[in-house]
S.K.: 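Quick one: the structure is below, and I'll ask about it shortly.
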Amino acid sequence: MSTPGVPFLKGHGTENDFVIIPDPDGLLDLPPGTVARLCDRRAGIGGDGLLRVVRSAAHPEAASMSDEAEWFMDYRNGDGSVAEMCGNGTRVFARYLERAGLAGTGELPVATRAGVRRVHIAEDGGDITVGMGAAELAAPDSEADGGGSGITVSVPGHTWPARKVGMGNPHAVVFVPDLAEAGTLQEAPQVLPAAAYPDGVNVEFVVARGPRHVALRVHERGAGETRSCGTGACAVMVAAARRDGADPRRDGRAVTYTVEVPGGRLEITERPDGEIEMAGPAEIVAEGAIDPALLS
């Protein structure tokens, strides 16, 4: 490359992949079109989303959190739109900070648009655990069918009731007989009423694999079907636990589910205080420099 490029890295968590751009002083301008070009799998680097690494004090949306967390995860979806939170992205973000010598193993606070998330980095490159906060659940129409407030999800040939779950970002969780019934997911599923999700929604299709063991497919707003969604896995775990009659806040006992995603497995625990913890792998797989022309 004849001119200096902008440093970047590529990482993934259970194959939910991200372009990582270190910008500690918040100097880069990354409008939606630029982010979409970088995340393009044919004309750019490729990724489900982009993680910009900024000091909290240097970003107007995170300055109020700078006393709690030095680093802010400025997360964008693959189409360039801004998202509140990304669970897999938080693990990859933490892995980058560790790799760059900006954080050690053990506890690490990370600022996000959904608030400060507590992260634990295991030694020797082991799993990273993220405190995801508490879920917000809409009251179900019935525990038997997992419905919620009249919300439905439709794909060609099928319509199901859905459970509305908030994990800092919005989710519609659907229990289905077979994941294949979700179809190709090349287009976003229809979610009604539209007013239930004014800012768009991630849709998870779920089947049981065994006791406290489920599998999912997910269509993420702004990205399409992805290999994994951390907040979606947490939303699924909570919806599945309620469907199975488990509620740690009521029972006083933590509950853990294995959640299979197309890109691997995550272990999700809900504690009696409502806090949800997600544990899983995070890897940095490449680094390089972006041609400045791609940012123009």
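Sequence positions, counted from 1, serve as the residue numbers for this chain. Values below: every heavy atom of this structure, side chains too, minus hydrogens, waters and symmetry copies.
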S.K.: Between CE of Met73 and OG1 of Thr90, what distance do you get to the nearest 0.5 Å?
M.R.: 3.5 Å
S.K.: Could you tell me whether the side chain of Asp244 and the main chain of Ala246 form a donor-acceptor pair under 3.5 Å?
M.R.: no
S.K.: Can you sort out the partners of Glu84 under salt bridge (Lys or Arg N to Asp or Glu O under 4.0 Å), two or more places apart, ordered by chain and number?
M.R.: Arg221
S.K.: Could you go through residues 41-59 and list every donor-acceptor pair under 3.5 Å that involves a side-chain atom there, pairing it with any protein atom two or more places apart or in another chain?
M.R.:
{"unit_1": "Arg41", "atom_1": "NH1", "unit_2": "Asp17", "atom_2": "OD2", "d": "2.8"}
{"unit_1": "Arg41", "atom_1": "NH2", "unit_2": "Asp17", "atom_2": "OD1", "d": "2.8"}
{"unit_1": "Arg41", "atom_1": "NH2", "unit_2": "Asp17", "atom_2": "OD2", "d": "3.3"}
{"unit_1": "Arg41", "atom_1": "NH2", "unit_2": "Asp48", "atom_2": "OD1", "d": "3.0"}
{"unit_1": "Asp48", "atom_1": "OD2", "unit_2": "Asn16", "atom_2": "ND2", "d": "2.8"}
{"unit_1": "Asp48", "atom_1": "OD2", "unit_2": "Asp17", "atom_2": "N", "d": "3.3"}
{"unit_1": "Arg52", "atom_1": "NE", "unit_2": "Asp74", "atom_2": "OD2", "d": "2.9"}
{"unit_1": "Arg52", "atom_1": "NH1", "unit_2": "Asp23", "atom_2": "OD2", "d": "2.7"}
{"unit_1": "Arg52", "atom_1": "NH1", "unit_2": "Leu28", "atom_2": "O", "d": "3.3"}
{"unit_1": "Arg52", "atom_1": "NH2", "unit_2": "Asp74", "atom_2": "OD2", "d": "3.0"}
{"unit_1": "Arg55", "atom_1": "NE", "unit_2": "Glu70", "atom_2": "OE2", "d": "3.3"}
{"unit_1": "Ser56", "atom_1": "OG", "unit_2": "Ala69", "atom_2": "O", "d": "2.9"}
{"unit_1": "Ser56", "atom_1": "OG", "unit_2": "Glu70", "atom_2": "O", "d": "3.4"}
{"unit_1": "His59", "atom_1": "ND1", "unit_2": "Glu61", "atom_2": "N", "d": "3.1"}

S.K.: If you compare all heavy atoms of Gly150 against all heavy atoms of Pro193, which two are closest, and at what distance to 0.1 Å?
M.R.: O-CD, 4.0 Å
S.K.: Measure across Ala172 and Val153 and return the closest heavy-atom pair with its distance rounded to 0.1 Å.
M.R.: CB-CG2, 4.1 Å
S.K.: Okay, side chain of Asp40, backbone of Ala36: is any donor-acceptor separation there less than 3.5 Å?
M.R.: no
S.K.: Would you give me the side-chain donor-acceptor pairs under 3.5 Å for residues 262-277, sequence neighbours excluded?
M.R.:
{"unit_1": "Glu267", "atom_1": "OE1", "unit_2": "Thr258", "atom_2": "OG1", "d": "3.2"}
{"unit_1": "Glu267", "atom_1": "OE2", "unit_2": "Thr258", "atom_2": "OG1", "d": "2.9"}
{"unit_1": "Thr269", "atom_1": "OG1", "unit_2": "Thr256", "atom_2": "OG1", "d": "2.7"}
{"unit_1": "Glu270", "atom_1": "OE1", "unit_2": "Arg242", "atom_2": "NH1", "d": "3.0"}
{"unit_1": "Glu270", "atom_1": "OE1", "unit_2": "Arg242", "atom_2": "NH2", "d": "3.4"}
{"unit_1": "Glu270", "atom_1": "OE2", "unit_2": "Arg242", "atom_2": "NH2", "d": "2.8"}
{"unit_1": "Arg271", "atom_1": "NE", "unit_2": "Asp273", "atom_2": "OD1", "d": "3.4"}
{"unit_1": "Arg271", "atom_1": "NH1", "unit_2": "Glu277", "atom_2": "OE2", "d": "2.9"}
{"unit_1": "Arg271", "atom_1": "NH2", "unit_2": "Asp273", "atom_2": "OD2", "d": "2.7"}
{"unit_1": "Asp273", "atom_1": "OD1", "unit_2": "Glu275", "atom_2": "N", "d": "3.0"}
{"unit_1": "Glu275", "atom_1": "OE2", "unit_2": "Met132", "atom_2": "N", "d": "3.4"}
{"unit_1": "Glu275", "atom_1": "OE2", "unit_2": "Gly133", "atom_2": "N", "d": "3.2"}

S.K.: Could you tell me which non-hydrogen atom of Ile128 sits nearest to which non-hydrogen atom of Ala282, and how far apart they are?
M.R.: CD1-CB, 4.1 Å
S.K.: Can you name the ring pair (Phe, Tyr, Trp, His ring centres under 6.0 Å) partners of His213, sequence neighbours left out?
M.R.: none
S.K.: Applying side-chain contact (heavy atoms from CB on, under 4.5 Å) between Val261 and each of Leu216, Val218, Thr226, report the one that passes.
M.R.: Leu216
S.K.: Among all residues two or more places apart in sequence or in another chain, which pass the ring pair (Phe, Tyr, Trp, His ring centres under 6.0 Å) test with Phe93?
M.R.: none
S.K.: Heavy-atom count check: over 12 atoms from other residues, nucleotides or ligands less than 6.0 Å from Glu181 CD?
M.R.: yes
S.K.: Over all heavy atoms of both residues, which pair between Asn77 and Val35 is shortest? Give the atoms and the distance, please.
M.R.: O-CG1, 3.7 Å
S.K.: Over all heavy atoms of both residues, which pair between Gly200 and Pro170 is shortest? Give the atoms and the distance, please.
M.R.: O-CG, 3.1 Å
S.K.: Does Met85 belong to the same Ile/Leu/Val/Met/Phe/Trp/Tyr cluster as Val82, with side-chain heavy atoms less than 4.5 Å apart forming each link?
M.R.: no
S.K.: Indicate if Met278 and Val92 have the same hydrophobic cluster label, given that clusters are the connected sets of ILVMFWY residues with side-chain heavy-atom separations under 4.5 angstrom.
M.R.: yes
S.K.: Only distances under 3.5 Å count here; give the side-chain donor-acceptor pairs of residues 98-110 to other protein atoms, sequence neighbours excluded, each with its distance to 0.1 Å.
M.R.:
{"unit_1": "Glu98", "atom_1": "OE1", "unit_2": "Arg95", "atom_2": "NH1", "d": "2.8"}
{"unit_1": "Arg99", "atom_1": "NH2", "unit_2": "Glu287", "atom_2": "OE2", "d": "2.7"}
{"unit_1": "Glu107", "atom_1": "OE2", "unit_2": "His120", "atom_2": "ND1", "d": "2.5"}

S.K.: Tell me the salt bridge (Lys or Arg N to Asp or Glu O under 4.0 Å) pairs involving residues 123-134, sequence neighbours left out?
M.R.: none
S.K.: So do Phe8 and Leu38 actually touch side chain to side chain, heavy atoms under 4.5 Å?
M.R.: no
S.K.: Between the side chain of Arg91 and the main-chain N/O of Gly280, is any donor-acceptor distance below 3.5 Å?
M.R.: yes
S.K.: Could you check whether any side-chain heavy atom of Trp71 comes within less than 4.5 Å of a side-chain heavy atom of Pro24, counting everything from C-beta outward?
M.R.: yes
S.K.: Transitively linked via ILVMFWY side-chain contacts under 4.5 Å: Leu185 with Leu179?
M.R.: yes
S.K.: Are any side-chain N or O atoms of Asp25 and backbone N or O atoms of Leu27, one a donor and one an acceptor, separated by less than 3.5 Å?
M.R.: no
S.K.: Please tell me if the side chains of Trp160 and Val176 come closer than 4.5 Å, counting only heavy atoms from C-beta onward.
M.R.: yes
S.K.: Any chance you could pull the hydrophobic cluster mates of Val116, using side-chain heavy atoms under 4.5 angstrom and chaining through other members?
M.R.: Met65
S.K.: Keeping to residues at least two apart or across chains, list the salt bridge (Lys or Arg N to Asp or Glu O under 4.0 Å) pairs with something in residues 225-236.
M.R.: Glu15-Arg227, Arg217-Glu225
S.K.: Backbone N or O of Ile151 within a donor-acceptor pair of the Lys164 side chain at under 3.5 Å?
M.R.: no
S.K.: Can you name the ring pair (Phe, Tyr, Trp, His ring centres under 6.0 Å) partners of Tyr257, sequence neighbours left out?
M.R.: none
S.K.: Would you say the side-chain atoms of Arg243 pair up with the backbone N or O of Phe175, donor to acceptor, closer than 3.5 Å?
M.R.: no
S.K.: CZ/Arg76 to SG/Cys86 distance, rounded to the nearest 0.5 angstrom?
M.R.: 13.5 Å
S.K.: Treating Asp251 as the side-chain partner and Arg253 as the backbone partner, does any N or O pair qualify as donor plus acceptor under 3.5 Å?
M.R.: no
S.K.: Which pairs would a plain distance check flag for residues 229-236, meaning a side-chain donor or acceptor within less than 3.5 Å of a matching protein atom at least two apart in sequence or in another chain?
M.R.:
{"unit_1": "Thr231", "atom_1": "OG1", "unit_2": "Asn169", "atom_2": "OD1", "d": "3.3"}
{"unit_1": "Thr231", "atom_1": "OG1", "unit_2": "Asn169", "atom_2": "ND2", "d": "3.2"}
{"unit_1": "Thr231", "atom_1": "OG1", "unit_2": "His171", "atom_2": "NE2", "d": "3.1"}

S.K.: Evaluate the side chain to side chain contact (heavy atoms under 4.5 Å, CB included) criterion for residues Thr152 and Gln190: first the C-alpha distance (whole Å), next the side-chain angles of each, then the deciding distance (0.1 Å), finally the verdict.
M.R.: CA-CA 8 Å; Thr152 61; Gln190 182 183 50; over 6 Å; no
S.K.: With sequence neighbours excluded, what pairs up with Glu68 under the side chain to side chain donor-acceptor pair (under 3.5 Å) test?
M.R.: Arg118
S.K.: To check you understand the geometry: which heavy-atom pair defines the closest contact between Leu9 and Pro22, and what is its length?
M.R.: CD1-CG, 3.9 Å
